[in-house]
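In what follows, a structure is listed as structure tokens, so that the remarks can point back to it.
Lettering follows sequence order; numbering is per chain, from 1. As the structure is a computational prediction, the values presented were derived from the model and not from experiment.
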2 protein chains.
Amino acid sequence: MNIGDVSRASGLPAKTIRYYEDIGLVRPVRGDNGYRDFSAQDAHRLAFLGRSRSLGFSIEECRRLMSLYEDRDRSSGDVKAVAAEHLDRISEKIVELQSLKATLETLVTRCHGDERPDCPILDDLAGQQDETAPHR
Amino acid sequence: MNIGDVSRASGLPAKTIRYYEDIGLVRPVRGDNGYRDFSAQDAHRLAFLGRSRSLGFSIEECRRLMSLYEDRDRSSGDVKAVAAEHLDRISEKIVELQSLKATLETLVTRCHGDERPDCPILDDLAGQQDETAPHR
DNA sequence: CATAAGGCTTCCAGTCACTGGAAGGTCAAG
DNA sequence: CTTGACCTTCCAGTGACTGGAAGCCTTATG
């Protein structure tokens with residue numbers, strides 16, 4: 001399989017697949033013409049990577065997950081630990097963004113948003129808070 | 001004021017302040033010794049930037065907001081537009097993360113997480129879904 | 001057989017917003 | 001005079017790609 005084929009199969013851009021080779025996530029063999037030749041297992045790995053990345057795992061986490069995946073003697077506890085940590089990070093991020101959202105909503109609601117210059121958003125950013133948002 | 005002073009005052013690392021000068025967000029004058037000399041207005045700008053960044057605005061948005069802030073003839077509608085767009089992005093991001101979170105929670109819950117090798121998380125990542133998560 | 005289109009190769013640079021570190025100049029205190 | 005804290009510039013690295021240039025390879029058509 002050429003890179004275009006696995007690209008279509010995995011949904012990953014060819015550029016990304018080359019990058020994954022650069023950082024050692026796949027190791028396709030090379031044909032006589034210098035083209036990468038992807039095995040079915042390579043294609044499978046790329047699909048695994050695509051799915052893992054789409055769930056927000058970092059490249060290093062993906063590397064770890066893939067090595068666990070390919071280790072017959074893994075313990076599922078190790079996998080769960082990686083996923084649980086990632087889940088915690090996401091939960092934290094959500095909380096953080098919700099706080100931002102609340103602050104911004106208050107500000108945006110308060111701003112009349114017409115052609116006049118006075119603006120509670122700028123007032124807040126400048127630090128002249130009228131007790132608006134206790135952010136951070 | 002030296003860079004250390006405005007750093008303490010604004011909460012921004014000195015490195016960041018130098019970077020902001022590089023990209024033209026502040027323009028402190030220089031003393032005879034080559035040190036940056038920050039005016040009260042510079043300090044104010046940095047505080048504005050720190051607050052804007054902490055609300056998640058990009059550098060380019062901060063630049064825009066600051067130019068609006070310093071424009072007596074601005075219309076608050078322009079400010080509101082920037083903030084509202086940012087708010088939309090954040091809302092979208094939250095939805096996205098909540099979907100990720102739900103998927104990961106399902107997977108993590110299903111994984112017994114012990115020393116045995118079988119693991120629904122890896123099964124999902126590998127694409128052998130047992131109708132688990134319709135993510136993406 | 002020539003050629004054109006499309007696919008493949010490598011390499012370099014850019015993204016965003018910093019951050020770390022090296023090498024060296026300046027200043028205030030003891 | 002020395003120490004240590006502060007300041008300077010410059011270069012490189014982060015994460016995970018992405019864009020683009022220059023050039024080789026393959027396949028289909030005239």
Are OP1 or OP2 of [N] and a side-chain N or O of [X] less than 4.0 angstrom apart?
X     : N      : answer
A:R63 : D:dA16 : no
B:R36 : D:dC7  : no
B:R18 : C:dA17 : no
B:Y20 : C:dA17 : no

Value in whole Å for how far the [atom2] atom of [N] lies from [atom1] of [X]:
X     : N      : atom1 : atom2 : answer
A:E60 : D:dG15 : CD    : C1'   : 10 Å
B:N2  : D:dT8  : CG    : C1'   : 12 Å
A:I3  : C:dT9  : CD1   : P     : 5 Å
A:F57 : D:dG15 : CZ    : C1'   : 17 Å
B:I59 : C:dG14 : CD1   : P     : 19 Å
B:L25 : C:dA17 : CG    : P     : 10 Å
B:L12 : C:dA17 : CG    : P     : 14 Å
B:D22 : D:dT8  : CG    : C1'   : 12 Å

- Message: If we check side-chain hydrogen bond (donor to acceptor under 3.5 Å, both in side chains) with A:S76, which of these qualifies: B:E115, B:R116, B:H112?
- Response: B:H112

- Could you please spell out the steps behind the side chain to side chain contact (heavy atoms under 4.5 Å, CB included) verdict for B:R53 and B:T16? CA-CA 12 Å; B:R53 291 287 300 132; B:T16 299; over 6 Å; no

- Check whether more than 12 heavy atoms from other residues, nucleotides or ligands sit under 6.0 Å from atom CD of A:E85, and answer yes or no. no

Between [X] and [Y], does at least one N-O distance fall below 4.0 Å, as a salt bridge requires?
X     : Y     : answer
A:E60 : A:R63 : yes
B:E96 : B:K93 : yes
A:E92 : A:R89 : no

- Item | side-chain hydrogen bond (donor to acceptor under 3.5 Å, both in side chains) assessment of A:S39 paired with A:D42 | CA-CA 5 Å; A:S39 66; A:D42 290 328; 3.1 Å; yes

- Whether each nucleotide of nucleotides 19-30 of chain C has a protein heavy atom under 4.0 Å at its base (B), only at its sugar-phosphate (S) or at neither (-) is summarised, 5' to 3', as SBB---BBS---

